[in-house]
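We name chains A, B, ... by the order of the sequence lines, and we start the count at 1 in each one. Heavy-atom basis, side chains included; hydrogens, waters and symmetry copies ignored.
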Amino acid sequence: MMDKSFYSNDVLEVAPALVGAELVRTLPDGSEKRLLITQTEAYAGAADTACHASKGRTKRSETLYHAGGTIYVYLCYGMYWMLNIVTGRENDPQGVLIRACAGADGPGKLTRALSIDGSLNDRSILSCPELRIEPAAGEVNIITDKRVGINYAAPEDRDRLWRFILDARGQ
DNA sequence: TTAGTGATATCC
DNA sequence: GATATCACTAAA
């Protein structure tokens, strides 16, 4: 299910599908950490003014243009690494921000908890021993909401319900 | 509500 | 070369 074709689907399909999945991080010392993904956000290409690619292909956004399944990690506010999974086809700059996991309620805290940094940028989630994603065990209920921290975007993009949240009360 | 933090994009 | 901005967080 979570193979190359899965990640080459549209970001609006992949982002909700990653909610409830498990992020598995293997550290240099061999230990393993597993966190349930509880929130994702979709960033949908050059036409989405909230997406890094809306400013064109730059050194930072280069990774977003790569094939679905590529890991996109960048530094924000000088101290927080953001973890994204590229979706869609090559030269189609879309990506899913992993916003929160169980026990880590923010993208910066999440990467800190998993010791993720820029060294994982541009790797493939499909063939990366240090970081992989395992599919959700069963059905999950999802709530949608507006994306966070994108006040710089055009009003119509700010209002899109492209944040996907695991409904804990679900079942 | 605001300071902190530094890479990146954009402007001289 | 200089400046403004930023997919955030912790402390107040």
A/Arg89, CZ atom: more than 12 neighbouring heavy atoms under 6.0 Å: no
Position toward the 5' end of DNA chain C (nearest nucleotide), A/Arg60 or A/Arg112: A/Arg60
A/Arg163 side chain near C/dA7 phosphate (N/O to OP1/OP2, under 4.0 Å): no
Any residue of residues 35-47 of chain A with a heavy atom less than 4.0 Å from an atom of DNA chain C: A/Tyr43
d(OH, A/Tyr77; C1', B/dT5) in whole Å: 11 Å
Nucleotide C/dT5, atom P - distance to CE of A/Met82 in whole Å: 19 Å
Distance under 6.0 Å and angle within 45° of ring axis: A/Lys55 vs A/Tyr152: yes
Distance (rounded to the nearest 0.5 Å) between A/His52 NE2 and A/Thr58 OG1: 8.5 Å
Euclidean distance, atom CG of residue A/Asn121 to atom P of B/dT8 [Å, nearest integer]: 10 Å
Nearest-angstrom distance from the residue atom CZ of A/Arg158 to P of C/dA7: 13 Å
B/dT10 phosphate, OP1 or OP2, under 4.0 Å from A/Lys55 side-chain N/O: no
Candidate list A/Ile98, A/Ile165, A/Ile142, test side-chain contact (heavy atoms from CB on, under 4.5 Å), partner A/Val19, passing option: A/Ile142
Within one Ile-Leu-Val-Met-Phe-Trp-Tyr cluster: A/Leu114 and A/Ile37, side-chain cutoff 4.5 Å: yes
Given B/dA9, C/dA7, C/dC8, the nucleotide with the shortest approach to the side chain of A/Tyr80: C/dC8
Which nucleotide in B/dT10, C/dA7, C/dC8 has an atom nearest any side-chain atom of A/Asn84: C/dA7
Smallest separation among heavy atoms of A/Ala44 and A/Trp162, with atom names: CB-CZ3, 3.6 Å
Secondary-structure notation, DNA chain B, from Watson-Crick and G-U pairs under 3.5 angstrom (| other strand): ||||.||||||.
Sugar-phosphate only, base, or nothing, as touched by A/Ile150 at under 4.0 Å among non-hydrogen atoms: sugar-phosphate
Touch class at under 4.0 angstrom, heavy-atom based, for A/Arg147 against every strand present: nothing
Closest listed nucleotide, where the reference is the side chain of A/Leu75 and the choices are B/dA7, B/dT5, C/dA10: B/dA7
Whole-Å gap separating C1' (B/dA9) and CD (A/Glu62): 15 Å
Atom-to-atom span, CH2 of A/Trp81 to P of C/dA7 - whole angstrom: 15 Å
Aromatic contact, A/His66 with A/Tyr72 (centres under 6.0 Å): no
side-chain N/O A/Tyr152 vs C/dC6 OP1/OP2, d < 4.0 Å: no
Gap between atoms NZ and P, on A/Lys59 and B/dA9 respectively (whole Å): 8 Å
Sugar-phosphate only, base, or nothing, as touched by A/Met79 at under 4.0 Å among non-hydrogen atoms: base
A/Asp48 and its salt bridge (charged side-chain N to carboxylate O under 4.0 Å, His left out) partner, picked from A/Arg147, A/Arg160, A/Arg158: A/Arg147
Pairwise distance CE(A/Met82) to OG1(A/Thr111) - rounded to 0.5 angstrom: 6.0 Å
Spacing of A/Leu64 atom CG relative to B/dT8 atom P, expressed in whole Å: 14 Å
Between A/Thr87 and A/Gln94, a side-chain donor and acceptor under 3.5 Å: yes
